[in-house]
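Protein chains get the first letters and strands the later ones, always in sequence-line order, with residue 1 at the start of each.
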There are 2 protein chains.
Amino acid sequence: MKNPSVPTLEDVAREANVSTATVSRCLNSPEKVVEKTRERVLASVSRLGYSPNFGARALAAKRTDTIGAIIPTMENAIFARGLQAFQEVVSENGATLLVASSAYRQDLEETQIRNLVARGADALLLIGDDRDDKIYEFLSNRGIPYVVAWSYRDDDNHCFVGFDNRSAAKEMAAKIIELGHTRIGMIAGLTRNNDRARDRVLGVKDAITEHGLNVDDLHVIEAEYSFAEGGNAVEHLLSLAPRPTAIVCGNDILAVGAMKRARSLGIQIPDQLSITGFDDIEVCSVVEPSLTTIHVPHRNMGKTAAKSLFAMMESEAICASSHLETYVVERQSLAAPPKS
Amino acid sequence: MKNPSVPTLEDVAREANVSTATVSRCLNSPEKVVEKTRERVLASVSRLGYSPNFGARALAAKRTDTIGAIIPTMENAIFARGLQAFQEVVSENGATLLVASSAYRQDLEETQIRNLVARGADALLLIGDDRDDKIYEFLSNRGIPYVVAWSYRDDDNHCFVGFDNRSAAKEMAAKIIELGHTRIGMIAGLTRNNDRARDRVLGVKDAITEHGLNVDDLHVIEAEYSFAEGGNAVEHLLSLAPRPTAIVCGNDILAVGAMKRARSLGIQIPDQLSITGFDDIEVCSVVEPSLTTIHVPHRNMGKTAAKSLFAMMESEAICASSHLETYVVERQSLAAPPKS
DNA sequence: TTGCTAAATGTAAGCGCTTACAAGTCTATC
DNA sequence: GATAGACTTGTAAGCGCTTACATTTAGCAA
């Protein structure tokens with residue numbers, strides 16, 4: 001389908017009997033136009049159903065009031081929630097959010113980043129810091145501010161707005177060990193191109209080492225983000241000898257999937273097996289037994305990320321990373337190991 | 001921050017010692033350029049880190065290979081899943097997806113639609129058909145094809161790719177009534193600006209009328225999309241006299257919230273109270289008892305919607321609506337009413 | 001070699017908008 | 001009534017790209 005006849009600035013100008021400059025001013029800085037003229041112009045605008053061509057505007061004005069976000073997938077509730085909060089702040093600031101998703105593929109992510117930049121995104125929200133250096137170079141060459149969310153590291157490479165996945169996971173594992181568990185299994189999310197998943201594994205290992213246990217005894221299985229995969233993974237772990245008494249999961253979905261499967265195999269949770277999650281999505285408090293997990297302030301993270309981005313655009317300020325706190329939410333799925 | 005110096009087509013042309021036209025051709029229709037030249041040009045492109053300015057391209061070429069989608073919220077799993085599938089097809093066709101969310105607000109949705117159109121979206125995915133006529137006019141004036149998803153109506157007003165919310169809800173309610181329930185309550189999603197939610201209520205009423213019960217006995221409460229609100233609503237319904245023996249919910253989240261709350265109030269599900277959902281999201285099979293609900297082919301819907309859109313763009317074809325099938329998934333939360 | 005066709009490349013006119021600068025219009029003051 | 005100064009509006013030069021059309025080059029038959 002071809003545009004039959006989209007009205008342009010010039011059409012409006014002709015209709016209102018003014019110059020294109022005046023129409024443009026009416027739209028962008030109305031105070032510069034005397035009321036009478038403005039009214040006439042706005043009337044023509046609505047009569048013609050005019051709306052400005054974005055590309056042309058961006059080309060001429062060199063700014064777009066657009067923020068881009070590239071997330072791995074929309075199907076993960078944590079991103080959805082964080083992004084919703086992000087979007088709220090973006091709107092409050094009169095900007096528009098453009099979202100693209102990368103399906104956890106690095107090549108696609110790069111394409112999407114370039115794409116959003118080419119579309120004139122003034123700033124970018126990125127998830128995690130695991131990507132090729134040349135992308136960061138590209139962004140800095142272009143002078144495009146960006147925030148790395150869902151991750152936090154204590155260095156100045158990027159502006160982080162996130163939490164420390166590693167130490168959060170460590171805290172959870174430590175709690176498990178302190179309850180007396182020694183045979184621990186882990187169901188991790190896929191670690192490829194995913195620093196959050198990797199850090200969570202490292203955190204668990206940290207705790208194990210620090211408590212004098214043997215890291216080699218930790219059996220880690222990676223699984224896709226689904227209940228079913230969590231179930232399959234737990235089945236595998238339960239077939240091990242000696243069988244683990246606690247299973248740390250890289251996220252809540254895997255944990256719930258594991259829990260359901262274990263129960264369907266006749267295993268009592270937490271009496272015979274403890275299971276923990278990560279993220280604290282809503283489903284945790286709705287399953288039985290409810291899931292002990294790590295609370296992550298997703299909404300707050302989204303809000304903060306957006307604010308940081310606007311601050312950076314405003315003042316060309318250097319990165320001011322935000323380190324958000326997480327904490328263990330104790331529910332029913334974690335208990336001391338069974339006395340054997 | 002200002003762009004320090006973004007390379008343009010002209011810079012590349014100078015570097016490669018060709019005209020801008022040749023560079024453009026290398027990028028858009030490489031077969032028109034002899035190999036040797038092309039190599040030289042592409043080398044310059046990557047040396048300079050050039051990527052084309054999207055606005056300028058759109059302005060000159062009058063097409064953008066961009067599909068826009070406006071969804072009510074990303075926080076609802078059903079949209080996320082459908083959109084992910086939608087996006088896959090969009091990518092396969094070499095186009096890019098731009099997503100905006102409207103927070104169920106009609107004014108915001110209109111803004112977002114105009115925004116995406118101004119940005120040059122070649123086609124649009126819309127959710128539901130409940131919006132001002134002037135928006136449809138706007139789209140048809142501009143010749144922008146669009147698909148209305150998640151809804152289906154037997155008329156030719158739009159190209160629907162969805163399912164019949166009303167008859168699906170009716171089917172579920174009929175099943176409930178046929179099990180012997182006569183005192184039925186409903187927890188609906190917010191119906192404002194939401195034809196899906198409204199249709200689901202209507203469907204339940206259809207079934208009631210058709211089975212000779214009194215529609216006025218149906219107590220409908222509208223609730224926000226959250227477990228907690230589902231819980232509050234069920235508490236209210238349970239306080240009614242006579243107390244309902246079955247509660248139809250407008251979506252799974254409300255149903256699960258209702259079920260949990262009812263159980264925490266000491267009510268046995270389904271022995272004392274039946275509860276049903278709508279959508280068949282993953283959580284249904286993970287709660288206890290598992291939730292009887294209506295299965296909706298969200299992914300398939302997303303895929304189909306995308307295909308329809310491309311077909312429309314290709315052939316200027318008239319709307320070819322797709323009516324997708326839904327069906328009741330019988331799980332544990334629905335049973336015959338208690339013998340009183 | 002010449003002449004002709006086809007392929008490769010270049011030229012330049014916009015696409016619709018913003019904005020620096022020029023020009024015009026008032027008002028108020030002398 | 002003339003004139004400076006303050007507003008308001010108009011003029012026109014691009015922004016970076018695509019593409020119709022013009023030009024050059026290459027390939028090949030006669």
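The one candidate from B:Glu110, B:Glu109, B:Gln106 that meets the side-chain hydrogen bond (donor to acceptor under 3.5 Å, both in side chains) condition with B:Arg131 is B:Glu109.
Computed from coordinates, the A:Arg14 CZ to D:dT11 P distance equals 14 Å when rounded to whole Å. Distance CG (B:Leu59) to C1' (D:dG16): 9 Å, rounded to an integer number of Å. A:Phe54 has its CZ atom 19 Å from the P atom of D:dC15, to the nearest Å.
Here the nucleotide nearest the side chain of A:Ala21, chosen from C:dT11, C:dT19, D:dG14, is C:dT19. With D:dG10, C:dT19, D:dC17 as the candidates, the nucleotide lying closest to the side chain of A:Ser19 is D:dG10. Distance from the side chain of B:Pro52 is smallest to D:dC17 among D:dC17, C:dT9, C:dG16. When the nucleotides C:dA8, D:dG16, D:dT9 are ranked by their closest atom to the side chain of A:Lys62, D:dG16 comes out on top. With distances taken from any side-chain atom of A:Leu9 to the nucleotides C:dA8, C:dC15, C:dC17, the minimum falls on C:dC17. Here the side chain of B:Ser24 is nearest to one of D:dT18, D:dT11, D:dG14, namely D:dT18.
Relative ring orientation between B:Phe163 and B:His298 is described as perpendicular, the plane-to-plane angle rising above 60° on a 0-90° scale split at 30° and 60°. Taking the six-membered ring where tryptophan is involved, the planes of A:Trp150 and A:Phe79 are perpendicular, since the angle between them exceeds 60° and thus also 30°.
The residue among A:Arg25 and A:Ala56 whose nearest nucleotide of DNA chain C lies closer to the 5′ end is A:Ala56. Take the nearest nucleotide of DNA chain C for A:Arg57 and for B:Arg40: the residue whose nucleotide is more 5' is B:Arg40.
In this structure, A:Thr20 does not reach the C:dC17 phosphate: none of its side-chain N or O atoms is under 4.0 Å from OP1 or OP2.
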